[in-house]
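Here is the structure we will look at, set down as structure tokens.
Numbers here simply count residues along the sequence, with the first being 1.
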Amino acid sequence: MKTFSAFTTSLVSLRRNIVRTVLTMLGIVIGIAAVISMMELGSGSRTSLRKSIEKMGANSIMIMPGWMMMPGGARQATGTAVSLIPADAEAIGENCPSVALYSPVVRGSAIQIIFGNVNWEPANLYGVAPAYLKIRNWQIGEGREFTDAEVASNARVCLVGSTIVREVFGGNSPIGCELRIGEVAFEVIGVLKTKGANMMGMDEDDVVLTPWTTLRMRVTGLKTGTATNTSSTVSNYPGDRFAVSGVALYPEQSSSVTDDNLFYPRFTQINQIVVAAESAELTDQAVKEVTALLRERHRLKPEQDDDFRIRNSAEFMSMLDQTSQLMTNLLLGVALISLVVGGVGIMNIMLISVTERTREIGLRMAVGARSRDILKQFLIEAVTLCVSGGIIGIIVGRAISYGIEHYAKWPVESSPEAVIAAVLVSAGVGIVFGFYPAWKASRLDPIEALRYE
């Protein structure tokens, strides 16, 4: 029996009982549709996470202060220690070959901005250096960015995000306007291009950027370290010895001098240092260089823990990608269960079909059909059933993905690999679960089959 003839015969057999055929395929259709939609949702979520991280800077590295020990031995959260100073940032830029850009970061929290009769508390108020914009892939939509000279002179200038433009300035151009941050008036010199929400759903455009020196010296106030004898080891880091036992490290300035000048103490604390590696491939090398440099500058002994914490985008991306992949595989496993159930249903129906067509099988063998011809016929019938269900399942799965993307606004990414895999899996299910019924049919004795009632 030729393969084409066997295929034609299989189609005729399947059309004899169309309702049973459709119900048999339903399990495969549901399984394949679930596999397609789950894989496309998983691919979409990973791509969305990757884009969110790339908006932050694919090769960016964040250096934060470590934790601080409180009296009684309790540890505060990461970022509470006074362990990062501006000189650390400068040293990183000068002594780490894998680092391309760096910027100190000072955060302002719970500080209102005021324009006219509008008050607003921005979600993000940062004092930064001009390099921060390149590190975080920020672009200027209108106006200009501030310069290194303005950072050095504590200039009262700022950049605002599109949310600030909409909520504070009523959608009008804010360039040249005076914006009060806390008690200090700033001139708006630039508007940042819209970025949208980050991976946590927070609005990245609700942001105000100023020179970090201005924010620290004029708005948030100076934050300097104090040494507290809370453990047997006193920190060797000079920032932690800014004041010891009530003795000032520097003499107090006269009131006439302090009124006319803004002083920049040597050990002023910064909240963070943001660094960009030369390339994404050099991120790990940059982390090693920064770690070695800061440990040396902070005079940490080999047995002492780091008094800072380093996070990089590649590490964050890998963690989120693994989590997303785990969830996708979990959902995919659940979807594959329905494929197994559908395969069992096909085996059951094929066994019933063999029983119903026993006399037909005997007659074919009596007129010259060989066992392998019978095996081929029933195997092709099972594979045709599964592949047809797989094709329908692909269409249904794509429709489900489109519906989720259109109505639920979830990220979905089409996956040609998933379509190819679905076809191969459906054919494999047909072969695996159809082989036994086909083999059983091919082993029938022609005489006994003709006598079967």
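The closest donor-acceptor contact from the side chain of Glu150 to the backbone of Thr147 lies under 3.5 Å. The backbone N or O of Gln304 lies less than 3.5 Å from a partner atom in the side chain of Arg295, making a donor-acceptor pair. A donor-acceptor contact shorter than 3.5 Å links the side chain of Arg218 to the backbone of Asn154. Under a 3.5 Å cut-off, the side chain of Arg216 and the backbone N or O of Gln269 do form a donor-acceptor pair.
Under the 4.5 Å side-chain criterion, counting only non-hydrogen atoms from C-beta, Leu133 is in contact with Leu192. Contact of the Phe169 side chain with the Val188 side chain is registered, since non-hydrogen atoms from C-beta on lie closer than 4.5 Å. Between Tyr132 and Tyr126 the shortest side-chain heavy-atom distance falls below 4.5 Å. Looking at Ile111 and Thr220, their side chains come closer than 4.5 Å, going by heavy atoms from C-beta outward.
Residues meeting the side-chain hydrogen bond (donor to acceptor under 3.5 Å, both in side chains) test with Thr214, sequence neighbours left out: none. Taking Arg20 as the reference, Glu356 meet the side-chain hydrogen bond (donor to acceptor under 3.5 Å, both in side chains) condition, with sequence neighbours excluded.
Residues Asp205 and Thr194 have side chains that never bring a donor and an acceptor to within less than 3.5 angstrom of each other.
Expressed to the nearest 0.5 Å, how far CH2 of Trp120 lies from CZ of Arg166 amounts to 7.5 Å.
Pairs of residues two or more places apart, or lying in two chains, that qualify as side chain to side chain donor-acceptor pair (under 3.5 Å) and include a residue from residues 93-105 are Ser98-Glu289.
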